[in-house]
Trainee: 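Pasting in a structure now, in structure tokens, and then I'll have a few things to ask.
Quick caveat: nothing in here was measured; it's all calculated off a predicted structure. So you know, we letter chains A, B, ... as the sequences are listed, proteins then strands, and number each from 1.
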Amino acid sequence: MATGVFAERLDGFKGPFGASLVCQEFYETDSSRGFGRGYQMQLVRSDGPLGTSLGGYLARVPWGAEHHRIFLERFAHTASLTVTTEDLPEQHNRITLDPTLTDSDGIPAPRVSYRVSENARKMIAHGLASATRAFKEAGAHDVVHQQLVDGAGFHLLGTARMGNDPATSVVDADCRSHEVPNLLVVDGSVWVTAGALNPTSTIQAIALRAADRLLGRSAPAVQAPAEVA
Amino acid sequence: VSGPDALLALVLDELLPAQGELPGAGGMGLAVRVRQDAATVPVLAVALEQALSALPTDFASLPASERVQALSELERDSPRAFVGLLNLAYNAYYTDARVLACVETQTGYSPGAPQPQGYEMAPFDERVLERVRNRPPSWRPA
């Protein structure tokens with residue numbers, strides 16, 4: 001996440017919080033960048049008064065004599081660009097059952113094993129540089145980075161991957177389990193990479209496709225989308 | 001402010017001092033709201049009590065500069081308790097109708113949902129969109 005601070009008023013409290021501007025200029029692989037796949041940037045407006053005071057994507061507004069002056073310098077004067085990278089699969093990233101921790105019924109708790117890959121770190125660095133350049137060219141006098149946004153890992157994907165080989169995947173191309181007959185997994189867990197965007201539309205597409213296959217019919221032919229005005 | 005909230009009110013006045021016609025957060029009576037909010041979240045209630053009990057016993061009689069010094073030391077030495085106190089203070093302050101009215105006067109910000117009135121987008125040169133409009137499809141037939 002990169003946040004630009006501008007001297008001019010942006011009035012970012014108006015309008016939707018996300019998706020007002022989306023950039024996929026760096027989404028596809030370009031080997032000259034030094035990493036595989038790419039990332040999406042999404043413009044996020046600034047917070048209201050409370051969010052601004054608590055920090056939002058900048059540091060918390062300091063308390064005391066300078067509070068009101070700094071609050072007015074920031075409020076309605078910032079915008080942020082998220083950098084969402086495509087998180088490629090790595091075998092050591094997995095969900096397993098915790099060997100000791102259980103819930104009150106004795107059911108093992110999930111254990112999340114995950115680390116940010118070197119490829120993703122290169123993408124993050126490239127993305128923050130791109131976002132910084134965009135903000136600087138737009139007139140920001142300051143750009144603040146967050147390498148990883150606390151609590152932002154909320155798209156749970158890829159834990160029951162789709163594939164032809166039961167040794168390396170959980171479900172087949174129809175979302176059917178390789179091991180358990182008539183068990184279908186129809187959600188984001190069948191993704192083979194996380195993509196670099198919000199997953200709901202793709203999850204819906206996979207669900208519709210799985211339903212078509214379950215009903216024994218072919219999915220309708222892809223139609224070219226209408227031209228966007 | 002007197003009674004059990006007197007100390008908290010003094011602290012709030014230092015954290016969020018007066019601006020314009022608005023008194024500080026303590027003078028606005030927000031100590032009651034801070035107490036109420038803290039009572040709903042145990043971890044914040046603990047933080048609030050830890051923060052207040054860690055202040056010098058003569059905090060109320062200290063000159064302003066020494067109150068600030070005491071709070072700075074609290075922030076340094078008991079950061080978790082201090083952040084809890086600060087979150088409570090900012091939450092109470094920036095959801096108060098008087099403060100939001102002040103922000104509106106200063107900035108034009110109007111509290112409340114942007115819809116259904118919405119905001120009209122100012123005209124802009126749509127030629128800046130030509131590059132995007134001329135891009136080929138970013139999807140592939142399955």
Trainee: Please list, in residue-number order, every residue in residues 54-63 of chain B that has a heavy atom less than 4.5 Å from any heavy atom of chain A; write 'none' if there are none.
Mentor: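 Within residues 54-63 of chain B, near chain A: nothing under 4.5 Å.
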Trainee: So which residue, B:V103, B:T107, B:T95, B:L16, ends up with the most heavy-atom pairs under 4.5 Å with chain A?
Mentor: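 Of the candidates given, the most pairs with chain A belong to B:T107.
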Trainee: Are there more than 12 heavy atoms of other residues, nucleotides or ligands under 6.0 Å from atom CZ of A:R133?
Mentor: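 At most 12 heavy atoms, drawn from other residues, nucleotides or ligands, come within 6.0 Å of this atom.
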Trainee: Is any residue of residues 78-94 of chain B within less than 4.5 Å of chain A by heavy atoms, and which ones?
Mentor: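 So far as heavy atoms go, B:F82, B:V83, B:L86, B:N87, B:Y90, B:N91, B:Y93, B:Y94 are the residues that approach chain A to under 4.5 Å.
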Trainee: So do B:Q106 and A:H68 actually touch side chain to side chain, heavy atoms under 4.5 Å?
Mentor: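 No - every pair of side-chain heavy atoms lies 4.5 Å or more apart.
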Trainee: Where does A:F75 contact chain B at under 4.5 Å (heavy atoms): side chain, backbone, both or neither?
Mentor: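 The answer is the side chain of A:F75.
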Trainee: Testing the basics here: between A:W63 and B:E75, what is the closest heavy-atom pair and its distance to 0.1 Å?
Mentor: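 In terms of heavy atoms, the two residues are closest at NE1-OE1, 3.1 Å.
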Trainee: Looking at B:R131, I want to see if its CZ is surrounded by more than 12 non-hydrogen atoms of other residues, nucleotides or ligands under 6.0 Å.
Mentor: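 No, not enclosed.
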Trainee: Which heavy atom in B:R135 sits nearest to a heavy atom in A:Q24, and how many Å separate them?
Mentor: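 So the two residues come closest at NH2-O, 4.1 Å.
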Trainee: Non-hydrogen atoms of chain A under 4.5 Å away: do they reach the side chain of B:L71, the backbone, both or neither?
Mentor: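 Both parts, backbone and side chain.
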Trainee: Would the number of heavy atoms belonging to other residues, nucleotides or ligands and lying under 6.0 Å from CG of A:N164 be above 12?
Mentor: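 Atom CG in A:N164 is not packed in, count stays at 12 or less.
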